[in-house]
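Everything below concerns the one structure shown next.
It should be emphasised that the depicted structure is a prediction, and the values quoted were computed from it without experimental measurement. Throughout, numbering of the chain's residues begins at 1 and tracks the sequence.
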Amino acid sequence: MLTFSAYLSLFISALGAATLLPLQSESVLVALLLSQAYSPWALLAVASVGNILGALLNWLLGRYLEHFRHKTWFPVSAARLQQAQRGYARYGRWSLLLSWVPIIGDPLTLVAGVMRERLWIFLLIVGLAKTARYALLAALTLNWA
């Protein structure tokens, strides 16, 4: 049961960290890797899947909430949304390679939904970026050189 709860904690922290919530999952992953009680490959898979699903949640929010942008409760100002849209239009889908970067990565995934990026392209690029980030973190933590 302890094993399941560790993987579940990692999954939830990775999922939450990929949303617009101010969370991070790297410390959870590093702690579990350093404990040497869990498979590094399983940890890498769980963290990656959770983080990709969190990004997918942002994409869905962007896709379906954009038509509410004129409401007073909308969480992003019109100017900020327009700025993000211009940036995405300028750099395109390849900007999603930065989806793993703190502060800018989560809004990028939201804007990808607003810009109607195709789901399979979104998942491919974001999956690559987020998995590579966790793989590099695991490699550095476990001294895989």
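- Checked against the 6.0 Å centroid threshold, Trp41 and Trp144 count as a close aromatic pair.
- Crowding of Ile103 atom CD1: a count of heavy atoms from other residues, nucleotides or ligands under 6.0 Å not exceeding 12.
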Derivation and outcome, side chain to side chain contact (heavy atoms under 4.5 Å, CB included), residues Leu119 and Leu56: CA-CA 9 Å; Leu119 180 59; Leu56 177 60; 3.4 Å; yes

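- Under the 4.5 Å side-chain heavy-atom criterion for grouping Ile, Leu, Val, Met, Phe, Trp and Tyr, Val28 is connected to Tyr134 within one hydrophobic cluster.
- To the nearest 0.5 angstrom, Tyr64 atom OH is 6.0 Å from Trp59 atom CH2.
- Taking the side chain as every heavy atom from C-beta outward, Leu142 and Pro40 approach each other to under 4.5 Å.
- Atom CG of Leu110 sits about 6.0 Å away from atom CG of Asn58, to the nearest 0.5 Å.
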Verdict with supporting geometry, Trp100 and Asn51, side chain to side chain contact (heavy atoms under 4.5 Å, CB included): CA-CA 9 Å; Trp100 65 271; Asn51 215 239; 5.9 Å; no

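- Proximity of a side-chain donor or acceptor of Ser48 to a complementary backbone N or O of Ala45 within less than 3.5 Å is not detected.
- One finds the CG atom of Asp106 at 11.5 Å from the CG atom of Leu61 (value rounded to the nearest 0.5 Å).
- Atoms OG1 and CG, from Thr141 and Leu43 in turn, are 10.5 Å apart once rounded to the nearest 0.5 Å.
- Hydrophobic clustering of Ile, Leu, Val, Met, Phe, Trp and Tyr side chains at less than 4.5 Å, counting indirect connections, unites Leu137 with Val126.
- Placement of Val30 and Phe11 within a single hydrophobic cluster is found when ILVMFWY residues are connected by side-chain heavy-atom separations under 4.5 Å, directly or transitively.
- Considering every non-hydrogen atom in both Ser99 and Ala129, the closest pair reads OG-CB, 3.8 Å.
- Residues Leu136 and Leu44 do not share a hydrophobic cluster, defined by chaining ILVMFWY side chains whose heavy atoms lie under 4.5 Å apart.
- A side-chain donor-acceptor contact under 3.5 Å links Gln24 to the backbone of Ser27.
- Taken from CD1 in Ile121 to CG in Leu96, the straight-line distance is 10.0 Å, to the nearest 0.5 Å.
- Here CG of Leu98 is found 10.5 Å from OH of Tyr91. Values are rounded to the nearest 0.5 Å.
- With contacts defined as side-chain heavy-atom distances shorter than 4.5 Å, the pair Ile125/Arg93 qualifies.
- Shortest non-hydrogen contact noted between Ala55 and Ala18 is N-CB, 3.6 Å.
- Remark: the backbone N or O of Leu128 is not paired with any side-chain donor or acceptor of Thr131 at under 3.5 angstrom.
- Hydrophobic clustering of Ile, Leu, Val, Met, Phe, Trp and Tyr side chains at less than 4.5 Å, counting indirect connections, keeps Leu21 apart from Ile52.
- By the 30° and 60° cut-offs, the orientation of the rings of Tyr7 relative to Tyr38 is perpendicular.
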Arg63/Glu117 under salt bridge (Lys or Arg N to Asp or Glu O under 4.0 Å): CA gap, chis, key distance, verdict: CA-CA 9 Å; Arg63 185 89 186 213; Glu117 185 61 69; over 6 Å; no

Criterion side chain to side chain contact (heavy atoms under 4.5 Å, CB included) on Tyr88 and Val114, from CA distance to verdict: CA-CA 10 Å; Tyr88 192 83; Val114 170; over 6 Å; no

